[in-house]
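Residue indices begin at 1 and follow the sequence shown.
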Amino acid sequence: MKLIPLPAFSDNYIWLLHDGQQALAVDPGAAEPVLEALQHCKVQLEAILVTHHHPDHTAGIDALRQATGAKVFGPAREAMPEPLTRVSQGDKLQSLGLRFEVIEVPGHTAGHIAYYCAEVDGAPLLFCGDTLFSAGCGRLFEGSPAQMLASLDRLAALPDGTRVCCAHEYTLSNLKFAAAVEPTNQALADYTANAHALRSRQQPTLPSTLFLERQINPFLRSRQVAVIQAAQGFDASANDEVSVFAALRQWKNQFQ
Ligand SMILES: [Zn+2]
Ligand SMILES: [Zn+2]
C-alpha cells in the first residue's frame, strides 16, 4: 500500500491510499490534485472518506464522484454533498480490502468523524481530519472543550504505532505553542528540529504517530503536571481537567 499526502490550498493534505490498482482519497477539498495523482499512479478511485463538512475537505467530492464513480462515505450528522453513505460511531466500511472503523470525534465540528484501520502493512492507520494535528488539535468551531477532550481521549486510546494522518500541515506553528507550554520537554525539542528540517525541504511532517504525539502534543498531555501548571499560568481559574484543556485551547487561539 502507498500512503501519499497530496498538498492542496495553502496547508491542506488530501490523503491518498492505493494498492497499485485501486485507491481511496480522504477529505478531497479539491478534485484536481486527486485526479492528477490517480493518473500519475495509474490507479482507479474506489472510495472517498470524508471527516467533516468544511469546504476545504468536501469541495472536490462531486467532481471526483462524477469523474470516477467512487463511493463516498461521510459523517451521519453533517451537511454533505449527496449521494453518500452516512456512517457513525462503530460502523465498519471496506475499501481496498481493508476494514475501516468509524470513530466519532465531535469538537471541531459537531458531527466530525475519524476513520481507523487496525492494520495496513503492519501498522494501524488513522485519518483524523481536523481533530488531532501533530502537536495540536482543531479549533472548537461547533463543540465544547469537554467534547474535544473526550474525542482526543478516544484517539489517544489507539495503539502507539498508529500512523496519524492529519488534514493540515500545521506542525511548525503548533510546535511553537507546544514549546511555550513545555519549554523543558526534550522529545518536543528533538521533534521540532526534525520538523524544521523536513519543512525546509518542502517535505510533509506527516503522518505522525500516536507514540510521538503522546510525548509532544500539549492537547494529549493536558493531565501532565507541567501542562496543568502552564495552563494555570494562562488562566488561574483552570482547576479541573476540562477547564485546563479549555484554557490550553484558549491560550493557543491567542498565541502568536
Ligand atoms: Zn475543518
Ligand atoms: Zn480543514
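Side-chain contact between L140 and P145: present, with at least one pair of heavy atoms (C-beta onward) separated by less than 4.5 Å. In this structure the side chain of I14 never reaches within 4.5 angstrom of the side chain of V26, judged on heavy atoms. For the pair H57/H53, no side-chain contact is recorded, criterion being any heavy-atom separation below 4.5 Å from C-beta on. With contacts defined as side-chain heavy-atom distances shorter than 4.5 Å, the pair K92/F100 does not qualify. A heavy-atom distance below 4.5 Å is not found between the side chains of P106 and H112. Between C165 and L125 there is a side-chain heavy-atom pair separated by less than 4.5 Å. With a 4.5 Å cut-off on side-chain heavy atoms, D235 and L248 do not count as touching.
Counting only N and O atoms by type, the side chains of S208 and Y191 include no donor and acceptor under 3.5 Å apart. Side-chain contact check for N253 and R249: at least one donor-acceptor pair (N or O, by modelled atom type) lies under 3.5 Å. One side chain, Y13 or E169, offers a donor N or O that lies under 3.5 Å from an acceptor on the other. Looking at D190 and Q186, their side chains do bring a donor and an acceptor atom within 3.5 Å of each other. For the 3.5 Å distance criterion, the side chains of S222 and E241 fail to qualify, holding no donor opposite an acceptor.
Enclosure of atom CD in Q21 is not indicated, since only 12 or fewer non-hydrogen atoms of other residues, nucleotides or ligands lie within 6.0 angstrom. The number of heavy-atom neighbours closer than 6.0 Å to CZ of R99, taken from other residues, nucleotides and ligands shown, is 12 or below.
When the ring pair (Phe, Tyr, Trp, His ring centres under 6.0 Å) test is applied to F9, no partner is found at least two apart in sequence or on another chain. With sequence neighbours excluded, no residue forms a salt bridge (Lys or Arg N to Asp or Glu O under 4.0 Å) with E78. Every side chain to side chain contact (heavy atoms under 4.5 Å, CB included) that I228 has, sequence neighbours left out, goes to Q232, V244. Take F133 and apply the ring pair (Phe, Tyr, Trp, His ring centres under 6.0 Å) test, not counting sequence neighbours, and it matches H168, Y170. Applying the ring pair (Phe, Tyr, Trp, His ring centres under 6.0 Å) rule to H54 yields the partners H52, H108, F141; only residues at least two apart in sequence or on another chain are considered.
Evaluated for a side chain to side chain contact (heavy atoms under 4.5 Å, CB included) with F177, the options L175, N174, V181 yield exactly one hit, V181.
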Which atom pairs, one a donor and one an acceptor, fall under 3.5 Å between side chains of residues 31-45 and the rest of the protein, sequence neighbours left out?
none

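In this structure, K71 does not pair ionically with E46, as no charged nitrogen and carboxylate oxygen lie closer than 4.0 Å. A salt bridge links R214 with D160: the closest approach of a Lys/Arg side-chain nitrogen to an acidic carboxylate oxygen falls below 4.0 angstrom. Salt bridge present: D153 and R223 bring a charged side-chain N and a carboxylate O closer than 4.0 Å. Taking a cutoff of 4.0 Å between a charged side-chain nitrogen and a carboxylate oxygen, E104 and R77 qualify as a salt bridge.
There is no path of hydrophobic side-chain contacts, each under 4.5 Å, that joins V164 to L16.
Using modelled atom types, one side-chain atom of N12 and one backbone atom of D56 make a donor-acceptor pair closer than 3.5 Å. Of the possible polar contacts, one joining the Q147 side chain to the S144 backbone as a donor-acceptor pair under 3.5 Å is found. Counting only distance, with no hydrogens or angles, the side chain of N185 and the backbone of Q215 share a donor-acceptor pair below 3.5 Å.
For M148 against D130, the heavy-atom pair with the smallest separation is CE-O, 4.4 Å.
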